[in-house]
Chemist: 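Pasting in a structure now, in structure tokens, and then I'll have a few things to ask.
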Amino acid sequence: MAWLTGLPLAVDLVLGATLLWLAWRALSSPDLFQAVALFIAFGVILGLVWARLDAIDIALAEIPLGAGVTGALLLAALSQLQPAEVDARAAPSATEANEHQAGQPGQTAETADADEAQHKPAVFRALLAAVMGLLLFAALFSLGLVTWQLWEPSSGLTQQVNTHLPESGVEHPVTAVLLNFRGYDTLLEIAVLLLALIGVWSLATASNLGDTTPEPVLAALSRLLAPLMILVAAYLVWVGAHAPGGAFQAGSVLGAAGVLLRLSGWRLPAGAAGWPLRLVLALGVAVFAFIGLAVIGLGEPLLGYPTAWAKHAILVIELAATLSIGAILASLFIGGRP
Amino acid sequence: MLASLSVVLLLAGAAFFLGGSVGMLRFPDVYTRLHALTKADNLGLGLVVLGLMLQAESLAAVGKLFVIWLLLLAASATASQLVASWAQENGFAPWRG
Amino acid sequence: MLPSGAVWTAALVFTPLLAALACFLAPRAANWIGLLAAGLTTLAAATMVPTLMTDGPLRIAVGGWGAPLGIDLYADGLSAVLLLMTAVVGLGVSAFAPAYFGAHPQQRPWFWPLWLILWAALNGLYLSADLFNLYVMLELLGLSAAALTALSGGGPALNAAMRYLLVSLLGSAAYLLGVALLYHAHATVDIALLGARIEPGMLANAALAVMFAGLMLKTALFPFHFWLPPAHAGAPAPVSALLSALVIKGSFYLLLRLWLDLFGDLSRLLPELIGVLGAIAVLWGALQALQQQRLKLMIAYSTVAQVGYLFLAFPLAGGLNGTTAWRAVVYLALAHGLAKAAMFLSAGALLRFAHHDRIADLDRAVHRLPLTLTAFVLAGVSIMGLPPSGGFVGKWLLLEAAFQQDRWGLAVVVLLGGVLAAAYVFKVVGYAFTPTAIAQEGGSVPLSMQWSALLLALGAILLGFAAPLLLPLLEVGAPFEPIVGMPS
Amino acid sequence: MSSVLVLALTGAGLTLLGLHALIVKAHLLRKILALNVISSGIFLLLAGLAARTPGGEPDPVPQAMVLTGIVVAVAATALALALLLALRSATGRTRLDDDNGQ
């Protein structure tokens, strides 16, 4: 990888400019579908940036999660919102067109955002925009200056992580931080995912995805890919112990497999949609918490696995977490309660 | 020798990608654009993968690159088929000269 | 033998978390699981008190690694009193919930897991000494609170929940930005280590600005309060109680910790500014409350005013006897928690009875629901700050600090806020004694709903007598003393 | 080294770009996109600065934090989108109603 760090400044400038341009277009393009597509492209480029920053673990999570799952969720939501948005595209005075112009104070005030413009005079709006622009620029300037100030070599906690790596049960530093040194955060993070699913289920009453007959080609591909993706997920869990990879990356691949299977017409058997599914969804938090608490009985601190079997404890936790994360992500995409 | 062959293949692959991208931007309708994307890009990808195989450090890496190529072929073929059949169902007439 | 600190800290976070999983797996038993978990969590909070009083503040290294590599938990008097308040309010709301959701059976299986996760997040927040861990807790808290707000469905509630979620996410994003800056400047996210390493400068100011902006947004300090009234008024009554009594205290606690341990010496101007915002909030919130026609909106605006009081300590803290001001606002936060929960639960009982919450149409509710109205009035006594309530102790301490520093303006705001609170509480009481033209048919209200409100209100009053017990507990670990000046 | 600084500064730019859109744009889907851009910008700042270690091996702790952050962001996005759909089916609106008291 030595030649990568030698890449000229130009590559980073292009990557940075692309990110800013994609984000700006995703946030301002008049068509929502286009906005979502640009946002997914933004996620993929961000994945490249992570790889550029030697953050392979983040790249492996950013592309399936930040671009893939988030993109799929956005598209699924958009297809539900679609009827109104189509109307908006047909009639320029309707919602989306207004929204587009609200961000551009230079355009005529009559057609600008209906909610805002009718209450406040144009001068006031322009003043508000100017003040806000000034504030944002001041904020950007100070943030940039602070970042600049921070720019001197510093190793952070690298030394400490490397010193304690042999006791952690894994050889890959990021996995050691996630599953051992800061395992408490990771446990709660899986709880956040589960919480989001409980929240989504508390809102929805029926499955969000319509039961249209799937495309035969897609169905064929999904049947081919799904087993392969499960294999890849298993590989990612295993490889996480000594190289980039781990439960979250594996879980998102598993979740994507679930989404593909669902799109190709596969349904969970009726008997499995009740408590067996819920058990799988809760498994990650439950196993993690159980092991973390059980060690207290052995005289260890909370979540302090004894070095001798830290490796096995982490593997069990990661397997359970992968299953849960995959199931939660697929369920989030499908939306309604099964 | 191998290195320069690899560079030639990578450059050729990049040229096909460029052609495919230009085609996507310039072609008149969804079907011809799909042609540009799938045909030119798949060939470009094949050349890039071949070029990278020559630089690979182990046989396993060569195998992984080959699998990547196969998977991307299957995915892009399926995706273009989905886009085309959606366009047909929604009454997008093909371009006729 | 009392359980060790490690056990009760683990119990405080994991009992509600695992109970939430159990409720998710067995929705039909959710009521029983939830009540059991509430009891056990309260027990864990209670066992913590003697341990802290005898052994002093507690620091636990999760996983045995210790800061800066690992995450540390830290409990002192400040965490302890807030954990206790959360437990008491949590127990009261949990006792209220089964009867309340008996009439809304479709919401019940979701209320329990969401509320128990929220409880775990609050306890985890009060126990954490690690800024990034606190970020995860904030997100857990914000997402569960937003989902609970949406629980009753319907346009206004969903609108309020959506706005709440966006505000909450923006607030935690701003906080995380500050964490990122602090980590890269000082290579740790442990509060105690950062406190020793932080130095005045542009970076510390930037971190202070973004973290305080984010947390003030979450705490709904004027003018960031815009999201609070619709969210707190639109949620189901037990959820309103949780949001008003507990959730905003979480972000306030974090503000307080950051100020006390990290940022306190950085700025002379900021505390004055925060004090002004607090004073405006006290007066403006109370005036808005006075104008409301709906009981729940009135109580929600009262929360805007009461949040204002909490920020009056900032300008006082730097002066003579400044720590009294901190004690005062912590006491006010405790009293507000108990009293506001009681008020929202009373409102829930009234809603069940009359199927509306228009203040003008309360129609002699005092004769039909004497327990509930008693609860409302007792809670109101504490909100007004009349003796012998907990609110009185808090306001008394606050006035003492203000007088000692000759800050007459702040003293006037404190007193005026109390007068306005009396006005809106007595407005409700007045209508509750008045018959309306058309007599109303009321539904029956389960006693568990009425008693849980009354007991919480009594708690708010008893808090006034508990000062000799609670103030020493609050001093464990000397949370308000400047770290630099500590004797070695 | 300085080339990685460019990416950290990009993170700062993305955060402010997202903040602007979050305030200005009315459509809720756009606000959700804006929040995602904000968090991506903060992640870029957090993990970008982790690459300034003298040894060349980046600091794993901020990387792990960003991984956690990405998962939290996905969860928040999912909940926000579900709320948006529920709001839309209850009221027909895809933007916030501004006239509730304030």
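These figures come from a predicted structure and were not determined experimentally. Below, read A as the first sequence line, B as the second, and so on, with proteins coming before strands; counting in each chain starts at 1.
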Chemist: Where do D:A90 and C:G154 come nearest, in terms of heavy atoms and distance?
Modeler: CB-C, 4.4 Å
Chemist: Is there side-chain contact between D:D59 and C:Y183, with heavy atoms separated by less than 4.5 Å?
Modeler: yes
Chemist: Are any non-hydrogen side-chain atoms of D:L45 and C:H184 less than 4.5 angstrom apart?
Modeler: no
Chemist: Are more than 12 heavy atoms, taken from residues, nucleotides or ligands other than C:Q293, located less than 6.0 Å from that residue's CD atom?
Modeler: no
Chemist: Partners of C:F132 by ring-ring contact (aromatic ring centres under 6.0 Å, His included), sequence neighbours excluded?
Modeler: C:Y135
Chemist: Using every non-hydrogen atom in the two residues, find where D:L79 and C:A147 come nearest and quote the distance to one decimal.
Modeler: CD2-CB, 4.5 Å
Chemist: Would you mind checking which part of C:A161 comes under 4.5 Å of any heavy atom in chain D, side chain (CB onward), backbone (N, CA, C, O), both or neither?
Modeler: both
Chemist: Out of D:T91, D:L87, D:V61, D:L19, return the one with the most heavy atom pairs under 4.5 angstrom to chain C.
Modeler: D:L87
Chemist: Please determine, among D:S39, D:P62, D:A86, D:A12, the option with the most heavy-atom pairs under 4.5 Å with chain C.
Modeler: D:P62
Chemist: Need one label for C:V179: side chain, backbone, both or neither, based on atoms under 4.5 Å from any heavy atom in chain D.
Modeler: neither
Chemist: Please enumerate all residues that pass salt bridge (Lys or Arg N to Asp or Glu O under 4.0 Å) together with C:R108, with sequence neighbours excluded.
Modeler: none
Chemist: Kindly write out the residues that satisfy side-chain hydrogen bond (donor to acceptor under 3.5 Å, both in side chains) with C:N133, not counting sequence neighbours, or none if the list is empty.
Modeler: A:D185, C:S128
Chemist: Against chain C, label D:A82 side chain, backbone, both or neither, depending on which of its atoms sit under 4.5 Å from a heavy atom there.
Modeler: neither
Chemist: So which of C:V136, C:L181, C:L158 has the biggest tally of heavy-atom pairs under 4.5 Å with chain D?
Modeler: C:L158
Chemist: Checking the side chain of C:R163 only, and the main-chain atoms of D:D97 only, is there a donor and an acceptor separated by less than 3.5 Å?
Modeler: yes
Chemist: Donor-acceptor pair, C:N159 side chain versus D:L96 backbone, under 3.5 Å?
Modeler: no
Chemist: With chain D as the partner chain, list the residues of residues 165-177 of chain C whose heavy atoms fall under 4.5 Å from it, by residue number, and write 'none' if nothing qualifies.
Modeler: C:L165, C:L166, C:L169, C:L170, C:A173, C:L176, C:L177
